[in-house]
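All remarks here apply to the structure that follows.
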There are 2 protein chains.
Amino acid sequence: MNTQFKKGVLELCVLVMAGQKDYYGYELVNMISDNIQISEGTIYPLLRRLTQEGYFSTYLKESNEGPPRKYYRLTEQGKAYRDELVSEWVSFSNGVNRIMESFFKGEDRS
Amino acid sequence: MNTQFKKGVLELCVLVMAGQKDYYGYELVNMISDNIQISEGTIYPLLRRLTQEGYFSTYLKESNEGPPRKYYRLTEQGKAYRDELVSEWVSFSNGVNRIMESFFKGEDRS
DNA sequence: AAAAGGTATCGTGTATTGCAAGGTACTGTG
DNA sequence: CACAGTACCTTGCAATACACGATACCTTTT
């Protein structure tokens with residue numbers, strides 16, 4: 001899997017997912033890796049950065065299956081940033097699709 | 001515009017576009033920037049790298065509107081790489097869409 | 001209680017790549 | 001000649017995914 005495709009998009013995914021309800025890190029890792037090939041070492045630094053930037057608040061909660069889990073809650077600032085990112089993503093992916101479509105017309109890529 | 005979204009995707013766009021017919025650099029810059037905000041400083045180094053990696057062959061052609069144009073032709077190796085990238089992009093963007101869709105259900109993002 | 005295995009988090013260093021900024025040079029017009 | 005438009009190129013910086021490793025807790029087994 002091309003690692004470059006993931007740049008910025010994983011941030012978008014995390015923000016969108018955490019906008020629905022609070023998740024803990026390991027849970028996000030597993031949910032994302034069901035759809036995209038990623039490793040833990042990618043998500044944890046990302047969550048830390050987004051928290052430092054004020055987009056997440058965190059709290060700990062005990063678990064009966066292991067150590068306490070750190071939950072991530074999207075702040076108001078985080079919601080605004082998420083909406084901005086989503087909007088940019090829609091605009092960008094539309095641009096890419098326009099390019100791809102017009103150049104695949106009548107092309108069989110044999 | 002989030003610069004991170006573009007990582008890897010511009011390479012994909014250039015390869016797909018040049019797969020149809022030969023283009024010169026300035027032409028590619030203008031065509032892409034009609035759909036996505038980019039600058040020359042992004043595309044020229046990209047074309048040079050892809051040429052060094054054997055995905056493009058180049059030739060010069062005189063122009064009556066300015067200096068000679070350097071045309072880029074996709075090699076067989078380039079076509080194989082392009083097809084691989086396209087396949088990975090389809091797989092990746094489907095994964096992202098699955099995540100986005102499932103988390104925007106019933107979400108009004110007020 | 002010691003060992004093993006799964007759960008959960010965090011930090012460091014590296015490689016890739018988009019971009020701003022700047023430079024070179026050719027052609028045709030005023 | 002000056003200027004605008006065309007066309008190409010290079011350097012240095014910033015962002016960030018990932019590999020790798022470390023820490024630590026819990027439950028079950030021996």
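Proteins come first, then strands; the chains are lettered A, B, ... in the order of their sequence lines, and each starts at number 1.
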Between [X] ([atom1]) and [N] ([atom2]), how many Å, whole number?
{"X": "Y59(B)", "N": "dA7(D)", "atom1": "OH", "atom2": "P", "answer": "14 Å"}
{"X": "Y44(B)", "N": "dT11(D)", "atom1": "OH", "atom2": "P", "answer": "17 Å"}
{"X": "Q4(B)", "N": "dC18(D)", "atom1": "CD", "atom2": "C1'", "answer": "14 Å"}
{"X": "I43(A)", "N": "dA17(D)", "atom1": "CD1", "atom2": "P", "answer": "8 Å"}
{"X": "L60(B)", "N": "dA7(D)", "atom1": "CG", "atom2": "P", "answer": "13 Å"}

*Does OP1 or OP2 of dA19(D) have a side-chain N or O of S39(A) closer than 4.0 Å?*
yes
*Kindly say if K70(B) contacts the phosphate of dC9(D), meaning a side-chain N or O under 4.0 Å from OP1 or OP2.*
yes
Nearest 0.5 Å, what's the [atom1]-[atom2] distance between [X] and [Y]?
{"X": "N35(A)", "Y": "F92(B)", "atom1": "CG", "atom2": "CZ", "value": "10.5 Å"}
{"X": "Y23(B)", "Y": "N30(B)", "atom1": "OH", "atom2": "CG", "value": "12.5 Å"}
{"X": "K6(B)", "Y": "L12(B)", "atom1": "NZ", "atom2": "CG", "value": "15.0 Å"}
{"X": "E84(A)", "Y": "L15(A)", "atom1": "CD", "atom2": "CG", "value": "11.0 Å"}
{"X": "I38(A)", "Y": "S33(A)", "atom1": "CD1", "atom2": "OG", "value": "5.5 Å"}
{"X": "N2(B)", "Y": "K7(B)", "atom1": "CG", "atom2": "NZ", "value": "10.0 Å"}

*Hey, is the main chain of W89(B) close enough, under 3.5 Å, to the side chain of S93(B) for a donor-acceptor pair?*
yes
*Not counting sequence neighbours, list each pair that qualifies as a side chain to side chain donor-acceptor pair (under 3.5 Å) and has a residue in residues 67-80 of chain A.*
D22(A)-R73(A), Y24(A)-R69(A)
*Given side chains that start at C-beta, do those of V14(A) and I32(A) come closer than 4.5 Å, heavy atoms only?*
yes
*Count the heavy atoms of every other residue, nucleotide or ligand shown that sit under 6.0 Å from CD of Q37(A), and state whether that count exceeds 12.*
no
_If you count heavy atoms of other groups shown closer than 6.0 angstrom to NZ of K61(A), is the number above 12?_
no
_Under 4.0 Å protein heavy-atom contacts per nucleotide of nucleotides 21-28 of chain D, with B for base, S for backbone only and - for none_ = ----BSS-
*Strictly below 4.0 Å, heavy-atom distances to any atom of DNA chain D: list the hits from residues 45-52 of chain B, or just say none.*
P45(B), R48(B)
*Which residues within residues 22-31 of chain B lie with some heavy atom under 4.0 Å of an atom in DNA chain C?*
none
Quick one: label [X] by what it contacts on the DNA or RNA (base, sugar-phosphate, nothing), any heavy atom closer than 4.0 Å.
{"X": "Y72(A)", "value": "sugar-phosphate"}
{"X": "Q37(B)", "value": "sugar-phosphate"}
{"X": "K6(A)", "value": "sugar-phosphate"}

_Partners passing side chain to side chain contact (heavy atoms under 4.5 Å, CB included) against N94(B) (at least two apart in sequence or in another chain)_ = V90(B), R98(B)
_First-last contacting nucleotides on DNA chain C - partner chain B, under 4.0 angstrom, heavy atom_ = dT17(C) to dG28(C)
*Residues in ring-ring contact (aromatic ring centres under 6.0 Å, His included) contact with Y81(B), at least two apart in sequence or another chain*: Y55(B)
Can you list, pair by pair, the side-chain donor-acceptor contacts under 3.5 Å of residues 39-49 of chain A, counting residues two or more places apart and other chains?
unit_1: Y44(A); atom_1: OH; unit_2: Y26(A); atom_2: N; d: 3.3
unit_1: R49(A); atom_1: NH2; unit_2: E11(A); atom_2: OE1; d: 2.7

